[in-house]
K.L.:
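Quick one: the structure is below, and I'll ask about it shortly.
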Amino acid sequence: MTDALNIESVEILIVGAGPAGSVAAALLRQQGRQVLVIEREEFPRFSIGESLLPQSMAYLEQAGMLRAVVEAGFQFKNGAAFMRAGRYTDFDFRDKHSEGWGTTYQVQRAQFDHILAKEAARFGAEVRYRHEVMNIELGENGAPALVTVKNPDGETYQVRAGFILDASGFGRILPRLLKLETPSNFPVRGAIFTHIEDGIRGGFDRNKIRVTVHPKHDDVWFWTIPFAGGRCSLGVVAETSFLDRYQGTPTERLRAIVAEEPSLSALLADANWDTPARQIVGYSANVEKLWGPGYALLGNAGEFLDPVFSSGVTIAFKSASLAAAALQRQFAGEMVDWQADFGAPLRKGVDTFRVFVESWYAGGFQKIIFHENQQPEIKRMISAILAGYAWDLSNPYVKETPRRLAALEALCTPA
């Protein structure tokens, strides 16, 4: 709809057509809401974060997108494996404390994200690619916002939006415009990554992501995410001071670091490094609040912790589901407490993952997962969190994460 000043009007404007934005759009269209999605890029486009968690499948099912994802033929995934100094351990996500999905997929995000965006459009959301949000003027006390957008020809237009969902990922549109960003408590880390034809012949479970710890630096780790068709995503994560020790192109630097880990370099001995590597730095981010009058932040636009437990897409889907439920009540005329119904429950799961990430880099969680005498019941509780069930309060390691994990670390630490 367009008013007399040639300003379009829409009930809900979503910034970004990635996983959070697309799932939110589909859920809102199922409620009958008018949805406009503004996406800066042209899809398909490259992205990392390729190893999904089983919890995410429930949100794909809720959004009506599960069939499209299943039919895409992505690599099946049932768990996570860890390697350190030649020692191997793994978690089967089908054997977990929480009820729900125990399997999922490892996906090339260019294809996966495009599928979700097309599904959102199938439900009736309007998705505009190569349109970029330039400015957002929020209305007072939740009144409609005025959004300025630039189209592919460089021309600007304006949209009056009743509510805004920022799913802009690392673009973080609203946090930057509203100065909501706060420093992350994590050291500045970076990742160098690529896709390769892996050439792996055997001795590797392609149904699991593998996380390999550097032999000399416990806070440096590699991901190996197998795809269907004999390819994989490969990356290293470390503090930038470590990555800066290596010279050359990103590919040369990644290959040099991989060569320092015997099990990984042997696994990839026949790999064809056919795609130039890329690097991102300083990806961890926090915000003061996840919502405000007339807006909410979804997925990485709100907070991003770290890629080590592949939690990003699951948090994105959870935020979309919570926001859609709150908006359904709000449009029905109910008073919605966005902190109680969106901010607090979303942060609970994020904070659970945060404690595990901090423990991983401090070394405590590594002592737990590589401990020789793992208790099956406790392992099932840990497996549930690694499978994405970080909101299940029936799990003691969700309900009392810091205390429980600290006690377990102490038990697994040699005297």
K.L.:
Has Arg67 got more than 12 heavy atoms of other residues, nucleotides or ligands less than 6.0 Å from its CZ?
P.N.:
no
K.L.:
More than 12 foreign heavy atoms under 6.0 Å from CZ of Arg130: is that the case here?
P.N.:
no
K.L.:
Which heavy atom of Leu298 sits nearest to which heavy atom of Ala323, and what is that distance?
P.N.:
CD2-CB, 3.8 Å
K.L.:
What distance separates Arg404 CZ from Met381 CE, expressed to the nearest 0.5 Å?
P.N.:
7.0 Å
K.L.:
Start with the C-alpha gap between Asp198 and Arg206, add the side-chain angles, then the distance that decides, and say whether salt bridge (charged side-chain N to carboxylate O under 4.0 Å, His left out) holds.
P.N.:
CA-CA 11 Å; Asp198 56 58; Arg206 300 194 74 90; 2.9 Å; yes
K.L.:
Hey, what do you get for CG (Leu60) to CD (Gln55), rounding to the nearest 0.5 Å?
P.N.:
10.5 Å
K.L.:
Between Ser168 and Gly16, is there a donor-acceptor pair closer than 3.5 Å when you use the side chain of the first and the backbone of the second?
P.N.:
no
K.L.:
Can you find a heavy atom in the side chain of Gln30 that is under 4.5 Å from one in the side chain of Gln328?
P.N.:
no
K.L.:
Looking at Phe204, is Arg210 sitting on its ring face, NZ or CZ under 6.0 Å from the six-membered ring centre and within 45 degrees of the normal?
P.N.:
no
K.L.:
Does Glu261 reach the main-chain N or O of Pro215 with its side chain, forming a donor-acceptor pair under 3.5 Å?
P.N.:
no
K.L.:
Using a cut-off of 6.0 Å, state whether more than 12 heavy atoms not belonging to Glu42 lie near its atom CD.
P.N.:
yes
K.L.:
Side chains of Leu27 and Leu327, heavy atoms from C-beta outward: is any pair under 4.5 Å?
P.N.:
no
K.L.:
Between Glu239 and Asp219 (side chain of the first, backbone of the second, donor and acceptor by atom type, cut-off under 3.5 Å), is there such a pair?
P.N.:
no
K.L.:
Which atoms form the tightest heavy-atom contact between Gly388 and Leu53, and what is the distance?
P.N.:
CA-CD1, 3.7 Å
K.L.:
Hey, are the side chains of Val220 and Val237 touching, using non-hydrogen atoms and a 4.5 Å cut-off?
P.N.:
no
K.L.:
Answer whether the closest heavy-atom distance between the side chains of Ile14 and Val127 falls below 4.5 Å.
P.N.:
no
K.L.:
Under 3.5 Å, is there a donor-acceptor pair between the side chain of Gln34 and the main chain of Glu11?
P.N.:
yes
K.L.:
Specify the closest pair of heavy atoms between Gln374 and His371, including all atoms of both residues, with the distance to one decimal.
P.N.:
CG-O, 3.3 Å
K.L.:
Between CG of Asp218 and CD of Gln366, what distance do you get to the nearest 0.5 Å?
P.N.:
5.0 Å
K.L.:
Below 30° counts as parallel, above 60° as perpendicular, anything between as tilted: where do the rings of His214 and Phe222 land?
P.N.:
parallel
K.L.:
Checking Leu264 against Met83 for the side-chain contact (heavy atoms from CB on, under 4.5 Å) test, could you report, in this order, the C-alpha distance in whole Å, the side-chain angles of both residues, the deciding distance, and whether it holds?
P.N.:
CA-CA 9 Å; Leu264 187 56; Met83 285 284 296; over 6 Å; no
K.L.:
Looking only at non-hydrogen atoms, find the nearest pair between Ala120 and Ala25 and report the distance.
P.N.:
CB-CB, 4.0 Å
K.L.:
Any chance the rings of Phe163 and Trp338 have centres within less than 6.0 Å?
P.N.:
yes
K.L.:
Just wondering, do Phe356 and Leu305 contact through their side chains at under 4.5 Å, heavy atoms?
P.N.:
no
K.L.:
How long is the span from the CD1 atom in Ile369 to the CG atom in Leu386, to the nearest 0.5 Å?
P.N.:
8.0 Å
K.L.:
Would you please say whether a donor-acceptor pair under 3.5 Å links the side chains of Ser233 and Glu50?
P.N.:
yes
K.L.:
Charged N to carboxylate O below 4.0 Å: is that the case for Glu119 and Arg122?
P.N.:
yes
K.L.:
Please evaluate residues His131 and Tyr157 with respect to the criterion ring pair (Phe, Tyr, Trp, His ring centres under 6.0 Å), reporting the C-alpha separation (whole Å), side-chain torsions for both, the decisive distance (0.1 Å), and the verdict.
P.N.:
CA-CA 10 Å; His131 287 239; Tyr157 62 94; 5.7 Å; yes
K.L.:
Any donor-acceptor pair under 3.5 Å linking the side chain of Arg40 with the backbone of Val133?
P.N.:
no
K.L.:
Tell me if a side-chain donor or acceptor on Gln106 pairs with a main-chain N or O of Ile209 at a distance below 3.5 Å.
P.N.:
yes
K.L.:
Got Met57 and Tyr105 here, is their nearest side-chain heavy-atom distance under 4.5 Å?
P.N.:
yes
K.L.:
Give me the atom names and distance for the closest heavy-atom approach of Asp392 to Val398.
P.N.:
O-CB, 3.3 Å
K.L.:
Go through the steps to decide whether Tyr389 and Trp101 satisfy the test side chain to side chain donor-acceptor pair (under 3.5 Å), and finish with yes or no.
P.N.:
CA-CA 10 Å; Tyr389 293 89; Trp101 285 83; over 6 Å; no
K.L.:
In terms of the angle between their ring planes, are Trp360 and Phe365 parallel, tilted or perpendicular, with boundaries placed at 30° and 60°?
P.N.:
tilted
K.L.:
Over 60° means perpendicular and under 30° means parallel, so tell me whether His195 and Phe46 are parallel, tilted or perpendicular.
P.N.:
tilted
K.L.:
Could you walk me through whether Leu174 and Ile136 pass side-chain contact (heavy atoms from CB on, under 4.5 Å), step by step?
P.N.:
CA-CA 8 Å; Leu174 274 176; Ile136 297 175; 3.8 Å; yes
K.L.:
At their closest point, which heavy atom of Leu52 faces which heavy atom of Lys77, and how far apart are they?
P.N.:
O-NZ, 2.7 Å
K.L.:
In sequence, state the C-alpha distance, the side-chain angles, and the governing distance for Phe193 and Ile280, and then conclude on side-chain contact (heavy atoms from CB on, under 4.5 Å).
P.N.:
CA-CA 9 Å; Phe193 51 89; Ile280 56 172; 3.9 Å; yes
K.L.:
Using atom types as modelled and distance alone, determine if a side-chain donor or acceptor of Thr89 lies under 3.5 Å from a backbone N or O of Phe370.
P.N.:
no
K.L.:
Step by step, work out the salt bridge (charged side-chain N to carboxylate O under 4.0 Å, His left out) result for Arg245 and Glu260.
P.N.:
CA-CA 13 Å; Arg245 300 176 193 174; Glu260 296 176 354; over 6 Å; no
K.L.:
Check the pair Asp113 / Arg109 against salt bridge (charged side-chain N to carboxylate O under 4.0 Å, His left out), numbers first and verdict last.
P.N.:
CA-CA 6 Å; Asp113 290 10; Arg109 283 286 301 277; 2.7 Å; yes
K.L.:
Indicate whether the side chain of Trp273 and that of Thr194 have a donor and an acceptor atom separated by less than 3.5 Å.
P.N.:
no
K.L.:
Under 6.0 Å between ring centres: does that hold for His97 and Tyr397?
P.N.:
no
K.L.:
How far apart are the C-alpha atoms of Asn151 and Glu132, what are their side-chain angles, what is the distance that settles it, and do they pass the side chain to side chain donor-acceptor pair (under 3.5 Å) test?
P.N.:
CA-CA 7 Å; Asn151 70 18; Glu132 183 176 3; over 6 Å; no
K.L.:
Distance-only, no hydrogens or angles: does the Ser51 side chain make a donor-acceptor pair with backbone N or O of Ile225 under 3.5 Å?
P.N.:
no
K.L.:
Heavy-atom distance under 4.5 Å between the side chains of Pro175 and Glu181, does that happen here?
P.N.:
yes
K.L.:
If you draw the axis of the six-membered ring of Tyr59, does the NZ or CZ of Lys318 fall within 45° of it and under 6.0 Å from the ring centre?
P.N.:
no
K.L.:
Return yes if some donor-acceptor pair links the side-chain N/O of Glu197 with the main-chain N/O of Gly230 below 3.5 Å, else return no.
P.N.:
no
K.L.:
Could you walk me through whether Ile38 and Leu13 pass side-chain contact (heavy atoms from CB on, under 4.5 Å), step by step?
P.N.:
CA-CA 7 Å; Ile38 300 296; Leu13 186 144; 4.2 Å; yes
K.L.:
Has the side chain of Arg33 got a donor or acceptor atom that lies under 3.5 Å from a matching backbone atom of Ile12?
P.N.:
no
K.L.:
Do NZ/NE/NH1/NH2 and the carboxylate oxygens of Asp274 and Arg231 come within less than 4.0 Å?
P.N.:
yes
K.L.:
In terms of relative ring orientation, are Tyr129 and Phe43 parallel, tilted or perpendicular, with 30° and 60° separating the classes?
P.N.:
tilted
K.L.:
Does atom CD of Glu71 have more than 12 heavy-atom neighbours from other groups under 6.0 Å away?
P.N.:
yes
K.L.:
Kindly indicate whether the side chain of Val236, heavy atoms from C-beta on, has any atom under 4.5 Å from the side chain of Val258.
P.N.:
no
